[in-house]
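Shown next, in structure tokens, is the structure this report addresses.
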There are 2 protein chains.
Amino acid sequence: MENALEPNLAPAGEPALTPTGRAILGMLSLGKTSGYDIKQLVDKSTRHFWAASYGQIYPELKRLEDQGLVRGHEEPTGGRPRRVYELTEAGRAALAAWLASEREPLYELRDEGMLKLFFSDVLPEQRLANIRAMRRRMERKLEQLVAVRAHAHEMSPGPALTLDLGVTTTETFIQWCEAVEARLAEKE
Amino acid sequence: MENALEPNLAPAGEPALTPTGRAILGMLSLGKTSGYDIKQLVDKSTRHFWAASYGQIYPELKRLEDQGLVRGHEEPTGGRPRRVYELTEAGRAALAAWLASEREPLYELRDEGMLKLFFSDVLPEQRLANIRAMRRRMERKLEQLVAVRAHAHEMSPGPALTLDLGVTTTETFIQWCEAVEARLAEKE
DNA sequence: AGGTGCATGTAACAGGTTACATGATTAA
DNA sequence: TTAATCATGTAACCTGTTACATGCACCT
């Protein structure tokens, strides 16, 4: 009988963190910021493999503060309210514990383009168009990744490596599409 | 002002389909089966880019039947109940409409391994271990993909191409890991 | 007699998105 | 003055997973 642990069960004593909670702690390790800025940063940097919405970020920051992992204080910009958060010592420890944890990391992919390709025998005349559409999407993604990489010189190893991996796999995807497109177009 | 359409809004007259509903219609295009068999097939074939659980499949089959897109009837195996579904004409048309649709396909990725790499500057001594863990996971995935590919000769183009794309990108991922691991190990 | 696989289904939960509400600041 | 951007937050909704409940069939 397998003694299956719950995926997010914290290892004795450590606070339970949601996946988004972990991501937010990570973002705060890059410097103290507001919920709004976290969203901007996510959209610029990790969105291709980890997205987040305001509806998730703001409540999560509150929960993290309740757990003592982050500390927030008001830093209004003129009359415009602004709440800035930073990691506490406990938060930094929780972040390090996560990074060192050997628990199977969450991996979830839902790719409708691939699903369309999988079922493309039903409508073979659409197959080439589907692959072209997938390639175009990947080209857009590559463009954005490359645009961010333009700041590579100011990047530390973590983000730089992640970005490079993204670029490499995206390029492979595009090359595969090009090769298959050529093969399919030839047959016509 | 952008006139943003709801993602799943059906193009006038066509039945609204959930993402899982589309996947189920696709699976039924491969032949009539039961909910149980759909789950087995998904786990064997599309799970790396499109998973499904019983809790989703059974209610969805019922909804699809209510919409007239599939038709189910009892086909017990001895005393063991079994409900087998097949596409109706309307279902086949909905499937074709989906495959031909130019709506931006759903793409969702949540990869905690990448997130760990992104924040690895907080705990640089774990970086190499994180990358190794990612490579091991990808090697397991590749193994499963290759195992399915052993039946490639009996596969039609759709599944075969999808599988090939999966193998190609996974191999690239692994090669990237190997290269970076070598670079990091050298520095130590 | 007992374990594994076949087979169906539901209820509770978790996690996340979207749309909405609100309002200040800044640049055109 | 008006649009875009900064900034926070919530409620309703959607989608999906997990755990559970049930029971037959087959093999050892």
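Just so it is clear: chains get the letters A, B, ... in the order the sequence lines come, proteins before strands, and each one is counted from 1.
Of the candidates dT10(D), dA24(C), dG5(C), dT10(D) carries the atom nearest the Pro59(A) side chain, counting heavy atoms from C-beta on. In the set dT8(C), dT18(D), dG15(C), the nucleotide with an atom closest to the side chain of Pro19(A) is dG15(C). Among the nucleotides dA7(D), dA7(C), dT10(D), the one closest to any side-chain atom of Lys62(A) is dT10(D). Of the listed nucleotides (dT8(D), dG16(D), dT17(C)), dT17(C) has the atom at the smallest distance from the side chain of Gln56(A).
Ion pairing between Glu139(A) and Arg135(A) holds under the 4.0 Å rule for side-chain N and carboxylate O. A salt bridge between Arg63(B) and Glu60(B) is present, with a side-chain N of the basic residue lying under 4.0 Å from a carboxylate O of the acidic one. Of the charged side-chain nitrogens involved, at least one lies within less than 4.0 Å of a carboxylate oxygen, so that Asp43(B) and Lys39(B) count as a salt-bridged pair.
In this entry the distance linking CD of Glu75(B) with P of dC6(C) reads 17 Å, nearest Å. Rounding to whole angstrom units, CG of residue Leu61(A) and C1' of dT10(D) are separated by 15 Å. The interatomic distance linking Arg110(B) (CZ) with dT17(D) (P) rounds to 14 Å, in whole Å. Separating the CD1 atom of Ile57(A) from the P atom of dC6(D) is a distance of 15 Å, rounded to the nearest angstrom. Across the protein-nucleic acid pair, Glu60(B) atom CD and dT15(D) atom C1' stand 10 Å apart, rounded to whole Å. Summarising the geometry, the separation between CD on Glu108(A) and C1' on dA14(C) is reported as 11 Å, rounded to the nearest angstrom. As rounded to whole Å, 12 Å separates atom C1' of dA7(D) from atom OH of Tyr85(A). Computed from coordinates, the Leu109(B) CG to dG15(C) C1' distance equals 16 Å when rounded to whole Å.
When atom types are taken as modelled, the side chain of Ser101(B) and the backbone of Ala97(B) share no donor-acceptor pair closer than 3.5 angstrom.
Within the nucleic acid shown, Gly55(B) comes within 4.0 Å of at least one base atom, counting heavy atoms only. Among the heavy atoms of the strands, none lies under 4.0 Å from Lys39(A).
Considering only side-chain N and O atoms, Tyr58(B) lies under 4.0 angstrom from the phosphate OP1 or OP2 of dT8(C). For the pair Arg80(B) and dA25(D), the criterion of a side-chain N or O lying under 4.0 Å from OP1 or OP2 is not met. Taking only side-chain nitrogens and oxygens, Thr77(A) never comes nearer than 4.0 Å to OP1 or OP2 of dT25(C). Applying the 4.0 Å criterion to OP1 and OP2 of dG9(C), one finds that Tyr54(B) has every side-chain N and O outside that range. Of the side-chain N and O atoms in Ser34(B), none sit less than 4.0 angstrom from OP1 or OP2 of dC6(C). For Tyr36(A) and dT8(D), the shortest distance from a side-chain N or O to OP1 or OP2 is not below 4.0 Å.
Residue Arg92(B) qualifies as open at atom CZ: its count of foreign heavy atoms under 6.0 Å is 12 or below. When the shell of 6.0 Å around CD of Glu89(A) is examined, it contains 12 or fewer heavy atoms from other residues, nucleotides or ligands.
Nucleotides of DNA chain C nearest to Glu74(B) and Gly78(A) differ in position, and the one nearer the 5' end is that of Glu74(B).
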